[in-house]
Q: 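One structure, pasted below without further comment.
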Amino acid sequence: MYRTHTCGDLRISHAGQEVTLSGWVQRKRELGAMTFVDLRDRYGITQLVVDDQSSDDLKEAVHQLGREYVVQAKGIVRERSSKNDKIETGEVELAVTELNILNPAELPPFTIEDETDGGDDLRMKYRYLDLRRNPVRENLVLRSQMGHYTRAYLNEQNFIETETPVLIKSTPEGARDFIVPSRMNEGQFYALPQSPQVFKQLLMISGFDRYFQIVKCFRDEDLRADRQPEFTQIDCEMSFVDQEDILNTFEGLTRHLFKKVKDVEVTDFPRMPYSEAIANYGCDKPDIRFEMLIKDITALAQAKDFKVFNEAEFVGAICAKGAGSYTRKQLDELTNFVKRPQVGAKGLVYVKCNEDGTFKSSVDKFYDAEDLKAWAEATGAEAGDLILVLSGDKNPMLSALCDLRLEMGDRLGLRDKNVFKPLWVVDFPLLEWDEEAKRFHAMHHPFTSPKKEDYHLLESDPGAVRANAYDLVINGVEIGGGSVRIFDSELQAKMFDLLGFTPEEAKAQFGFLMNAFKYGAPPHAGIAFGFDRLVSLFAGLDTIRDVIAFPKNNSGRDVMIDSPSTVAEAQLDELNLALNMKEEK
RNA sequence: GGUGGCGUAGUUCAGUUGGUUAGAAUGCCGGCCUGUCACGCCGGAGGUCGCGAGUUCGAGUCUCGUCGUCACCGCCA
């Protein structure tokens, strides 16, 4: 038996017992005649003591110990003469009688501590060591718990957990597929699923009624802090439901998780139409922990002789509460922020609302106090506030104002990681115009149903048709999304037509689904939560990397196992593949 | 595909206007120390300044390229 207890178990009540512990050496403190060793496992740290009374062999053995050695220690639990109230086991120590070095360890490239001294590079290369650190392990424990509570909740709601295939078929819509060559079918390829979308719809047709799966999805697109090429979804689908049923069910799941995992009561799940989100927040995933709404002041701003505004399609403003005392330097920082190519504004106009009721702006030459007062009224600015104004083409400026708003939210401390504000964004457009391909593509996916009241626009103005689609946004993070599906093969055919598929192409790609619809498809709808994002939100992290045991870096590489990698010529041969690398310039 | 940040000891970082032998902390190694728990004290080792070219009498420092990494834009039904 390697151990009778873990390193987090022992308490004063164990005093006098003979126990055996196994773990890693966290740290050693040699005080001449006596030596203390902190022994660590995932449950905690227990102090081992070897003192003057011990045998020479034992003294020599403990002297040999280095960081991260794996050891087994047998001994008697005793009360400490000087206690440590910082750790759970701090009242006791193990007076070692027998010490086995189970495995020595080379010195790790970074020390295993909560506040690591290793950079991201090293941590990723030695991820198995990084995972020994408490903060990273705790993230994965959190993830495990959230998976557990998700399953428990959905089981309780009669959902059936069903696995769907990972080797499937490439489809033209959506993200790039990862493809996998088939040895037995020369020249043909599987694709890894971007999501189990069509399978879960087929399960509805099979009468499964309520399906869920915590499942890997794969998208071959560029990475971000919150995007990995393989990621995990809580994927669900329900039959005989409308949008309202889905929203209620998954509000329930979200509440359940917050309550069970964080002991936080989340009550409000407001609904906001997509159009309102864009107008007020400049994006489709507003952070509603704070107001600072975008106001259209185009008409007010164009009342005078300021060329920049007069030539702009749109002039928009936000009011930063209490920022009226911003210095020249701070305003310059904001100006540089909005002028970054990623934000894309040409410049920034500010209006300081002074405590004495006067205004100081960067456009005082063009606007008098009356004008600026009108701006203040429009933005809700009062004495002590700062109005920030951007102008230009409407859509880019809304997007820039969104960035600026979040920046100001950060600067003013309005984005508390311990406050959680969910929001349903609803009534998304059905279609999006793709300027490059000169055609529409589905904003959500091609199986999303249009709103009934917009059916009449399908022919005349497809871009204006709204969909029965919804996103769950929490604190400005898109946590999940879904839609009410089309369950009528004729409407589905119409949809493919709008997306520019010929009937033949549609049949080749999705014929199986349209066929299935002919055999009694129930009305159904679904949703998928980004599990990694949800966990990182709960963990208070900005990146999903640290809630994934073995993540990939910015360029989609696993630097630990060094993948992707080339394969042997023989493997390519077997698959009838030949490389066609582009010549280096 | 693009924009920007970073790259100096095992690690985290500092390094002045381009100027002598590149520093600190921590870690590591050795010694001393009987109640430490970020132990303490003394001593020691440890550097391809990512790589390559260029400018210069002289480059960690400036320029160009390249590689790695991070953040973002495009992209992500």
Side-chain angles (χ1 to χ4, degrees), chain A residues 26-39 45-54 63 66-67 78-87 89-90 93 95 106-126 129 171-177 193-195 197-198 217-229 231 336-337 339-344 396 399-400 403 428-432 434-436 440-448 467 469 478 481-483 495 499 509-510 528 530 542-543 545 552-555 557 559 584:
Chain A
Q26 174 71 33
R27 183 177 276 115
K28 189 173 66 171
R29 292 178 293 279
E30 288 183 300
L31 277 71
M34 65 194 316
T35 299
F36 300 100
V37 177
D38 289 341
L39 193 68
I45 283 186
T46 301
Q47 176 167 286
L48 312 181
V49 196
V50 169
D51 61 22
D52 220 10
Q53 320 296 311
S54 309
H63 182 67
R67 272 179 200 276
R78 74 180 180 205
E79 186 174 359
R80 291 198 196 187
S81 60
S82 56
K83 297 182 175 164
N84 181 348
D85 58 7
K86 288 182 199 147
I87 59 173
T89 63
E93 63 195 359
E106 279 187 25
L107 200 66
F110 52 90
T111 43
I112 312 301
E113 288 169 334
D114 291 3
E115 300 293 326
T116 182
D117 60 356
D120 281 356
D121 281 27
L122 267 183
R123 291 178 50 208
M124 286 307 159
K125 185 164 180 194
Y126 298 95
L129 297 181
T171 55
E173 283 283 310
R176 287 186 197 89
D177 288 315
Q194 297 172 28
S195 85
Q197 183 59 39
V198 290
C217 303
F218 305 87
R219 292 175 194 177
D220 186 8
E221 296 293 346
D222 286 8
L223 278 59
R224 291 286 189 280
D226 63 349
R227 273 167 30 191
Q228 287 268 306
F231 61 99
N336 288 333
F337 174 83
K339 284 167 87 171
R340 289 164 51 208
Q342 283 88 340
V343 178
S399 164
D403 292 339
F428 277 82
L430 182 69
L431 303 165
E432 224 173 3
D434 183 336
E435 195 51 49
E436 256 175 57
F440 283 107
H441 67 78
M443 188 151 181
H444 185 56
H445 60 51
F447 318 109
T448 299
E478 186 192 329
S483 63
M495 186 70 182
L499 295 174
Q509 288 297 333
F510 299 108
D542 295 320
T543 163
R545 226 166 274 162
K552 303 207 175 8
N553 75 7
N554 243 14
S555 359
R557 297 200 68 85
V559 295
E584 292 286 329

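Because the structure is predicted, anything quoted here is derived from the model rather than measured. Sequence lines set the chain letters: A, B, ... in the order given, protein chains first and strands last, and positions in each chain run from 1.
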Q: Salt-bridged, R78(A) to E93(A), with N to O below 4.0 Å?
A: yes
Q: Generate the contact string for nucleotides 29-39 of chain B. Rules: B means base contact, S means sugar-phosphate contact only, - means no protein heavy atom under 4.0 Å.
A: ----BBBBBSB
Q: Could you check how far CD of E173(A) sits from P of C75(B), rounded to whole Å?
A: 15 Å
Q: In dot-bracket form, 5' to 3', how is RNA chain B paired? Count Watson-Crick and G-U wobble pairs only if both distances fall under 3.5 Å, and write | where the partner sits on another strand.
A: (((((((..((((.....[...)))).(((((.......))))).....(((((..]....))))))))))))....
Q: Restricting to side chain to side chain donor-acceptor pair (under 3.5 Å), what partner residues turn up for K552(A), sequence neighbours left out?
A: E230(A)
Q: Starting at CG of D177(A) and ending at C1' of C75(B), how long is that distance when rounded to a whole Å?
A: 14 Å
Q: Measure the spacing between CD1 of I112(A) and CG of L129(A) and express it to the nearest 0.5 Å.
A: 5.0 Å
Q: For the P atoms, the ones on C75(B) and on C28(B), what distance do you get once it is rounded to whole angstrom?
A: 50 Å
Q: Just jot down the salt bridge (Lys or Arg N to Asp or Glu O under 4.0 Å) partners of K83(A), sequence neighbours excluded, or say none.
A: E79(A), E91(A)
Q: Over how many whole Å does the gap from M443(A) atom CE to C76(B) atom P extend?
A: 11 Å
Q: Figure out the CG/C1' separation between L122(A) and G10(B), and round it to whole Å.
A: 9 Å
Q: Would you check if R545(A) and N554(A) make a side-chain contact, meaning some heavy-atom pair closer than 4.5 Å?
A: yes
Q: Expressed as a whole number of Å, how far does the C1' atom of G74(B) sit from that of G4(B)?
A: 15 Å
Q: When you compare A45(B) with G10(B), how far apart are their C1' atoms, in angstrom units rounded to a whole number?
A: 12 Å
Q: Quick one: do the H441(A) and E173(A) side chains pair a donor with an acceptor below 3.5 Å?
A: no
Q: In whole Å, I'd like the distance from the OH atom of Y126(A) to the C1' atom of G10(B).
A: 10 Å
Q: Could you tell me whether F447(A) and F510(A) have their ring centroids closer than 6.0 angstrom?
A: yes
Q: Between U16(B) and A59(B), how far is it from one P atom to the other, in whole Å?
A: 16 Å
Q: Could you work out, with side chain to side chain contact (heavy atoms under 4.5 Å, CB included) as the rule, every residue matching S399(A), not counting sequence neighbours?
A: none
Q: Rounding to an integer number of angstrom, what distance separates C29(B) and A71(B) when you compare their C1' atoms?
A: 40 Å
Q: Give the B/S/- string for nucleotides 69-74 of chain B, one per nucleotide from 5' to 3', where a protein heavy atom under 4.0 Å of the base yields B, of only the sugar-phosphate yields S, and otherwise -.
A: SBBBBB
Q: What distance, rounded to whole Å, do you find between the two C1' atoms, one in C13(B) and one in A53(B)?
A: 29 Å
Q: Examine the side chains of R29(A) and Q47(A) and answer whether a donor and an acceptor come within less than 3.5 Å of each other.
A: yes
Q: Taking D177(A) first and then R219(A), would you say they form a salt bridge - that is, a charged N and a carboxylate O separated by under 4.0 Å?
A: no
Q: Are the side chains of T111(A) and R67(A) in touch, meaning some heavy atoms are under 4.5 Å apart?
A: yes
Q: Got a donor-acceptor contact below 3.5 angstrom from the T448(A) side chain to the S483(A) backbone?
A: no
Q: When rounded to the nearest Å, what value does the distance between C1' atoms of U61(B) and G40(B) take?
A: 39 Å
Q: To the nearest Å, how far apart are L129(A) CG and G10(B) C1'?
A: 13 Å
Q: Could you work out the separation of A24(B) and A14(B) based on their C1' atoms and round it to a whole Å?
A: 7 Å
